[in-house]
Amino acid sequence: MKQISILGCGWLGLPLAKSLLDNGYSVKGSTTSLDKISVLKNAGITPFNINLREDKIEGEIDLFLVNSEILIIDIPPKLRGNLKDTSTALGMTFVEKIQTLMPFIEKSSIEKVLFISSTSVYADDTSTALSVTEETKPFPDSESGKQLLAAERLLQSNPNFKTTIIRFGGLIGVERHPIKFLAGRKNIENPESPINLIHQEDCIGIIEKVIQTDTWNETFNAVVPFHPTRKDYYTQKAIELNLPIPEFNDSKPSVGKKIVSTKIEAVLGYTFKKEL
């Protein structure tokens, strides 16, 4: 039985762990919350309370990694302060956490790393017709995007293990949808920019496909190939869910990008399953 360690059993990591268990894998999972240890344990996941700091790791990281062949890193940058000011003490704190983790991966049994990243590594553009593929040069314009890109490069440049990057678009699920935050809001910008979303079930399916096909040292964009404008999509969703219709600001040019995920279909043979 192949063993996988998942660093970060949150909104995506926990259902992913459960799905991997159903598919015959042994799973170790980490959480920063002591209250969640019992949740992991009751699901059949071997639980660990692990917290990455910039200069140390709190928790039994060696035991978490031992005897696992694959490590899935699913911990988003948690940024505070002025995100536009990269000269502050905020610095590259997420990257420093990954740097602190690296020696532990190197000395462990981990051979392959799957890093959950985001399409925020690509800049928005004044042209809503811009199509972004994995060949497009990343140029993040947000602090989280900058840190994710730096972490990607750090992991992929390490010769001690193979790393595959998955850049997910906006995450949605049964209880999570952007329209719930946008409903009834006014003066929303970028009405003509295309949506780039992906359902939780497809996120899990793509991760499992990478593992099943043993596809490493790759980078994938992952969004559903469905790109109506934000105004059209969220208006329709509000109507479907009987929510207040959001109002958009059409006075300024829309800024956005269309993420293309054809590589996932071509290389992994994956077919997107969930409608948005």
Side-chain angles (χ1 to χ4, degrees), residues 11-12 76-77 79 82-86 94 115-153 165-173 176-203 206 219-241 243-266 270 272 274-276:
W11 181 84
L12 175 59
L79 307 175
N82 183 359
L83 303 189
K84 294 182 180 179
D85 182 5
T86 56
F94 180 73
F115 181 67
I116 305 303
S117 188
S118 165
T119 55
S120 65
V121 300
Y122 302 111
D124 281 321
D125 192 85
T126 53
S127 167
T128 55
L130 178 69
S131 292
V132 174
T133 72
E134 291 83 357
E135 300 303 314
T136 303
K137 184 177 180 180
F139 195 74
D141 47 19
S142 68
E143 182 62 25
S144 60
K146 292 173 184 177
Q147 296 207 26
L148 283 168
L149 181 60
E152 285 184 12
R153 290 172 171 169
I165 307 294
I166 303 180
R167 295 168 175 165
F168 286 126
L171 303 173
I172 67 173
R176 174 174 175 166
H177 198 289
I179 188 55
K180 294 182 179 179
F181 303 99
L182 295 176
R185 283 182 54 189
K186 302 180 186 300
N187 205 35
I188 301 172
E189 296 184 345
N190 304 317
E192 298 303 313
S193 65
I195 66 162
N196 297 286
L197 302 175
I198 185 166
H199 196 279
Q200 184 188 69
E201 288 187 26
D202 276 317
C203 294
I206 290 166
T219 299
F220 295 103
N221 293 338
V223 305
V224 173
F226 173 66
H227 305 279
T229 66
R230 298 178 78 228
K231 185 175 182 178
D232 288 348
Y233 177 71
Y234 291 122
T235 299
Q236 182 60 37
K237 275 297 167 185
I239 293 170
E240 287 177 12
L241 298 173
L243 295 171
I245 295 174
E247 297 179 16
F248 288 82
N249 181 353
D250 294 290
S251 65
K252 296 188 294 185
S254 292
V255 175
K257 62 202 174 212
K258 183 174 79 173
I259 305 295
V260 178
S261 296
T262 50
K263 182 178 175 180
I264 273 182
E265 298 171 295
Y270 185 80
F272 289 89
K274 293 296 291 186
E275 295 183 0
L276 302 177

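This is a predicted model, so every value here is computed, not measured.
In terms of modelled atom types and a separation under 3.5 Å, the side chain of E192 and the main chain of P253 share no donor-acceptor contact. Formation of a donor-acceptor pair under 3.5 Å by the K257 side chain with backbone atoms of Y122 is found in this model. Judged by distance alone, the side chain of E143 and the main-chain N or O of P77 form no donor-acceptor pair under 3.5 Å.
Using a 4.5 Å heavy-atom threshold, the side chains of L171 and R176 count as touching. Side chains of V132 and T119 form no contact here, defined as non-hydrogen atoms less than 4.5 Å apart.
Annotation: the span from S117 atom OG to Q147 atom CD amounts to 11.5 Å, rounded to 0.5 Å. The NZ atom of K258 sits 9.5 Å away from the CG atom of N196 when rounded to the nearest 0.5 Å. With values rounded to the nearest 0.5 angstrom, K274 atom NZ is found 4.0 Å from E201 atom CD. Taken from OG in S131 to CG in N221, the straight-line distance is 11.0 Å, to the nearest 0.5 Å. Between atom NZ of residue K146 and atom CG of residue L148 there is a gap of 12.5 Å, rounded to the nearest 0.5 Å. The OG atom of S118 lies 9.0 Å from the CD atom of E152; values are rounded to the nearest 0.5 Å.
Scanning both residues, L276 and H199, for their nearest heavy atoms gives CD2-N, 4.3 Å. Pairing each heavy atom of I259 with each of H227, the nearest pair is O-CE1, 3.1 Å. The two residues G145 and V121 have their closest heavy-atom pair at O-CG1, 3.7 Å. Taking each heavy atom of V255 and D124 in turn, the nearest pair found is CG1-CB, 3.4 Å. Shortest non-hydrogen contact noted between I198 and A222 is CD1-O, 3.6 Å. Taking every heavy atom of both residues into account, T235 and I245 meet most closely at CG2-CG2, 4.0 Å.
Taking the six-membered ring where the residue is Trp, F115 and F94 present tilted rings, their angle falling between 30° and 60°.
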### Task
Please report the C-alpha distance between N190 and R230 in whole Å, then the side-chain angles of each, then the deciding distance to 0.1 Å, and finally whether the side chain to side chain contact (heavy atoms under 4.5 Å, CB included) criterion is met.
CA-CA 7 Å; N190 304 317; R230 298 178 78 228; 3.9 Å; yes

Verdict with supporting geometry, R167 and T219, side chain to side chain contact (heavy atoms under 4.5 Å, CB included): CA-CA 8 Å; R167 295 168 175 165; T219 299; 3.7 Å; yes

Worksheet entry | Derivation and outcome, side chain to side chain contact (heavy atoms under 4.5 Å, CB included), residues Y234 and H177 | CA-CA 10 Å; Y234 291 122; H177 198 289; 4.3 Å; yes

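In this view, P228 and I195, F226, Y233 satisfy the side chain to side chain contact (heavy atoms under 4.5 Å, CB included) rule, not counting sequence neighbours.
By the neighbour-count criterion of 12 heavy atoms within 6.0 Å, atom CD of E240 is densely surrounded, having more than that number from other residues, nucleotides or ligands. For NZ of K237, the number of neighbouring non-hydrogen atoms (other residues, nucleotides, ligands) closer than 6.0 Å is greater than 12.
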Please list every donor-acceptor pair under 3.5 Å in which a side-chain atom of residues 179-189 meets a protein atom from a residue at least two apart or in another chain.
residue	atom	partner	partner atom	Å
K186	NZ	E247	OE2	3.2
N187	OD1	N249	ND2	3.0
E189	OE2	K252	NZ	2.9

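Of the listed residues (F220, Y270, F272), just one forms a side-chain contact (heavy atoms from CB on, under 4.5 Å) with S261, and that residue is F272.
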